[in-house]
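The next block holds one structure in the form of structure tokens; read it before the comments.
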Amino acid sequence: MSTSVTTPATSGIFAPIVIVGPTASGKSQTAMAAAISHGNTHIVACDAMQVYRRMDIGTAKPTIDDQRQVAHHGLDLVNPRERFTVSEYQTYARAAIAQIHASGARALVVAGTGLYLTALIDDLNFPGEWPDVRAELGREPGIDVLYRRLQELDPIAASKIEPSNRRRIERALEVCIGSGRPFSATGPGTGAYPDNGVVQIGILWNRETLATRVEQRVHQMMDDGFLQEVRELRESGSLSHTARQALGYKELIEHLDGEYSLAAAVTAMITHTRQFAVRQERWFRRDPRIRWVHIERDPATEIGPLLAEYLR
RNA sequence: GGUCGGGUAGCUCAGUAGGCAGAGCAUGCGCCUGAAAAGCGCAGGGUCACCGGAUCGACGCCGGUCCCGACCA
């Protein structure tokens, strides 16, 4: 079955169940427990960093043991030196879910990366890439020049992009110039929340507790040999633009480069991870389709019953 | 004990020849279409260490007190 651009491959009776939540909220653990107790369930990771091989500890990737107990998808798709984008994820994950469902099993998506999830379950059509156009735009020093040009070519897109956001201005221009059509004609975008039949369950902790969990997890990662993992990655060659910016990896690479003491790197890592968790919450809470569950102590047991209704 | 620095936002520090107090980071909120663990924006937040004085007016000037640092004895 081909991945139609107008109908997500996920709609209909075989729509997946999705667990969303910020980092360190206990998504993976919850999914594992549910998959084991219900059987015939595959877990599909929706995570921009777990796609990289050899980036295991810092991305909190499900262990080999977990993967032996429950079939996982979306992990270890590319080398950390390779480029990987939302668009590729969209194609990959829709095909994976279609295949899982075709085999008569259930797909349980575990989502931490908001844009990737939108690409997976909603109508997000990526218009294409024009590297030569992009390169040329990158050479223009004046951001105001670029913004004015976008205002001419695509006033609608320009009105939605802040004049200071160079990256988005460049991408919109790249599409306008490359395709000859306005970027804003691409589709409804990320702000549309159509009824797609996908059940999304959100894990919600209070801020302070989540912050504590983040801190504890960072220390746990360090105890588990995170520094050694980063050292090996760093020695095996340079990472792709995306992989290089993964939380924790970035800070530890800077430490190994001598820019940070280890203690400072760990502190920065905790702060940045906490900020990331908040940003994830902000992304997800815009989606009115998500059913949030306030967690007091243990997400696996507190979400279990709700999940059971849909995994039957 | 003496001399010299310094005490300003949660943190690190600017600042004013006296006229309603600033930045970066942190925090809160918002945005997000091929880097998204990325990128961008907005906001809240101060008895300018304390006490007294001169001045129309002090964070700034004068006197004193306390605290921190360096050096000298």
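Quantities reported herein were computed from a predicted structural model and do not represent experimental measurements. Reminder, nothing fancy here: chain letters follow the sequence lines and each chain counts from 1.
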Exercise. For B:rA37, does OP1 or OP2 lie under 4.0 Å from any side-chain N or O of A:Thr273?
Worked result: no
For this session: Can you tell me, in whole Å, how much space there is between the P of B:rG53 and that of B:rA70?
Result: 36 Å
Exercise. Taking the six-membered ring for Trp, are A:Phe84 and A:Tyr116 parallel (under 30°), tilted (30 to 60°) or perpendicular (over 60°)?
Worked result: tilted
Exercise. Say you pick atom C1' in B:rU47 and the same atom in B:rU12; how far apart are they, in whole Å?
Worked result: 23 Å
Exercise. Within the structure, does a side-chain N or O atom of A:Arg171 lie under 4.0 Å from either OP1 or OP2 of B:rG34?
Worked result: yes
Problem set entry | Rounded distance in Å between the C1' positions of B:rC31 and B:rA49 | 42 Å
Exercise. Between A:Glu88 and A:Asn165, who's closer to the 5' end of RNA chain B by nearest nucleotide?
Worked result: A:Glu88
Exercise. Whole-Å distance between B:rC29 C1' and A:Gln275 CD?
Worked result: 14 Å
Exercise. If you pin A:Glu162 and A:Gln50 to their nearest nucleotides in RNA chain B, which one's is more 5'?
Worked result: A:Gln50
For this session: Write down the distance separating the C1' atoms in B:rC61 and B:rG18, rounded off to the nearest Å.
Result: 8 Å
Exercise. So what stems show up for RNA chain B if we need 3 or more Watson-Crick or G-U pairs in a row, all under 3.5 Å?
Worked result: B:1-7 with B:66-72, B:10-13 with B:22-25, B:27-31 with B:39-43, B:49-53 with B:61-65
Exercise. What interatomic distance, in whole Å, is found between C1' of B:rG34 and the corresponding atom of B:rG30?
Worked result: 24 Å
